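Below, read A as the first sequence line, B as the second, and so on, with proteins coming before strands; counting in each chain starts at 1. Given the structure is predicted, the values throughout are model-derived calculations rather than measurements.
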There are 2 protein chains.
Amino acid sequence: MDTAHPVIPPASPRSHRHWRIPKHSPLYQQIKALILDSLSEGEWRPGQIIPSELELAARYGVSQGTVRKAVDELAAEHLLVRRQGRGTFVATHTERQTRYRFLRLRSDKTPQAVQESTQRDFISCEQQPADAHVAAALGLQHGDPLLFTRRLLRFDGEPAILEDLWLPLARFNGLTAERLIDYNGPMYALYEAEFSVHMVRAEEKIRAILPEPEAARLLDVSTATPILSVERVAYSYGNTPMELRLGLYRTDTHHYHNALK
Amino acid sequence: MDTAHPVIPPASPRSHRHWRIPKHSPLYQQIKALILDSLSEGEWRPGQIIPSELELAARYGVSQGTVRKAVDELAAEHLLVRRQGRGTFVATHTERQTRYRFLRLRSDKTPQAVQESTQRDFISCEQQPADAHVAAALGLQHGDPLLFTRRLLRFDGEPAILEDLWLPLARFNGLTAERLIDYNGPMYALYEAEFSVHMVRAEEKIRAILPEPEAARLLDVSTATPILSVERVAYSYGNTPMELRLGLYRTDTHHYHNALK
DNA sequence: CAGTGGTCTAGACCACACT
DNA sequence: GTGTGGTCTAGACCACTGC
């Protein structure tokens, strides 16, 4: 087996080590970092199975327990998914369970369940240069090419979210407006399937605002109806910002649900 | 040593076990539940040290590794805090790090840091019977006695939050209005110090609203300024709801920050 | 120095899934 | 049955804290 990323000297694996481990960081953290590298470099793609714990242990020249601790943490961070008896898989946003992981808007009537019938209407979808604000949020240069999209999301037919979305074209290989136009589904699933981009985490800034006339019209409310403004930056593996969203949420019929831990 | 909660027969600890473990749930989960019991029964109070891993292992008749896994999970859930070389402690809301764990409002100017200078003005503080809404949220009977409090929080002198708060008197032993009136600090710290009530988690419903004239006046905004409405139920150890809050957050100068993982 | 949590290993066995 | 992750144990050593 090719030891692609030797943490440690090529290494008699079986016997106790008597040479010093370079005590920079714990071994399992180094293993975690190596697995993360393989993820961000695309060695294992979203949805795919990764090598078994014993294989990884052999590959990195450490014990199964050490690999286990590394994988445990990556699973806790939702980067990997363990399935007993089957193996360990690269996490996805496509499964039922994780499909709407970042969507916090709930209906006032059925506060428990996640939205079932979601309808998406594209309002516009075009290439744009980055203005100062978007460039700052996404770590780009002023004027860098973006794909801009505006969509209206309806829950059970009722307008619920008006969402603007900016994607840096340089980070989505082969993305075009046409590609998105007739896609109807969660964006994060598309990113994974078409561009091997997996969103790991996101940060939101939430405010109460009054909508512009155009937004009010689309959301089917008056301009005097307060609206929740949700600005989100989503990050991929290396803490690289990949997407900026500005969502306008109707909270007269819905609410934003947050669990504090 | 008194084995107060024997998971398993009193137990020859040293030799390998050959009797069957009743495979209801993993051993470490049972240990976790026992530790949780000791926490909710007050055997170890907030801030106090709990027995060492080896002591717990002896007490429950399991290996150190099993105790470790149980404690690891409780630490991940912020119920315990591990300190290398010192011991394991019952988590508190009083430490610098965890002081404002549930407060998500950030200044637009200094989005990173947590609020430094917070001033609290009590507006009212009185006993009340529970109405239908509060009773439902806190799992009480209609009419059960509550302590109601309204406070205005200022950040750097500027009004930022107007907060209503309901506490079930039956669950706060010896709580009186007088006790709160001249207290100036985070509520959760007071609950721990005075009533041994530790908040473990909370759930929030967030909406955009227009404020009533009275609220607008106190927050020093017009009644046409949209305000963030944050309804929070906070839970103690046994998922017991202990507190209902209704916060009105100014988001013209601040924003609600949320990290999605 | 002794005592604590933190890391690492090795090996046994269990529970589950696929074939 | 074989192979996977999940649990449990035992023991060695490391890193930190406080006496």
Is there a residue in residues 85-92 of chain B whose heavy atoms reach under 4.0 Å of DNA chain C, and which residues are they? Gly85(B), Arg86(B), Gly87(B), Thr88(B)
Is Arg245(A) close enough and on-axis enough to Tyr188(A), meaning under 6.0 Å and within 45°, for cation-pi? yes
For Tyr249(B), does the six-membered ring have the charged nitrogen or CZ of Arg232(B) within the cation-pi criterion, i.e. under 6.0 angstrom from the centroid and within 45° of the normal? no
Under-4.0 Å side-chain N/O to phosphate OP1/OP2 contact, [X] with [N]:
X	N	answer
Arg68(B)	dG6(C)	yes
Thr66(B)	dT9(D)	yes
Lys69(A)	dT7(C)	yes
Ser52(A)	dT4(D)	yes

Closest to the [X] side chain: [options]?
X	options	answer
Val62(B)	dC16(D), dC8(C), dT9(D)	dT9(D)
Gln84(A)	dA10(D), dC16(C), dG5(C)	dC16(C)
Leu27(B)	dT4(D), dT9(D), dC8(C)	dT9(D)

Measure from the side-chain N and O atoms of [X] to the backbone N and O of [Y], and report whether any donor-acceptor pair falls under 3.5 Å.
X	Y	result
Gln29(A)	Pro26(A)	no
His93(A)	Met199(A)	yes
Tyr183(A)	Pro186(A)	yes

Rounded to whole angstrom units, what separation is found between the [atom1] atom of [X] and the [atom2] atom of [N]?
X	N	atom1	atom2	answer
Gln29(A)	dT7(C)	CD	P	8 Å
Glu73(B)	dG5(C)	CD	C1'	18 Å
Asp72(A)	dC8(C)	CG	C1'	15 Å
Leu54(B)	dC13(D)	CG	P	16 Å
Gln64(A)	dA12(C)	CD	C1'	12 Å
Lys32(A)	dC8(C)	NZ	C1'	17 Å
Glu55(B)	dG3(C)	CD	P	11 Å
Leu80(A)	dT4(D)	CG	C1'	15 Å

Tyr28(A) vs Arg83(B), nearer the 5' end of DNA chain C by closest nucleotide: Arg83(B)
Could you walk me through whether Glu43(B) and Arg59(B) pass the salt bridge (Lys or Arg N to Asp or Glu O under 4.0 Å) test, one step at a time? CA-CA 14 Å; Glu43(B) 178 177 350; Arg59(B) 165 166 169 174; 3.1 Å; yes
Heavy-atom neighbours of Asn239(B) CG exceed 12 at 6.0 Å: yes
Watson-Crick or G-U wobble partner for dA10(C), using a 3.5 Å limit on both distances? dT9(D)
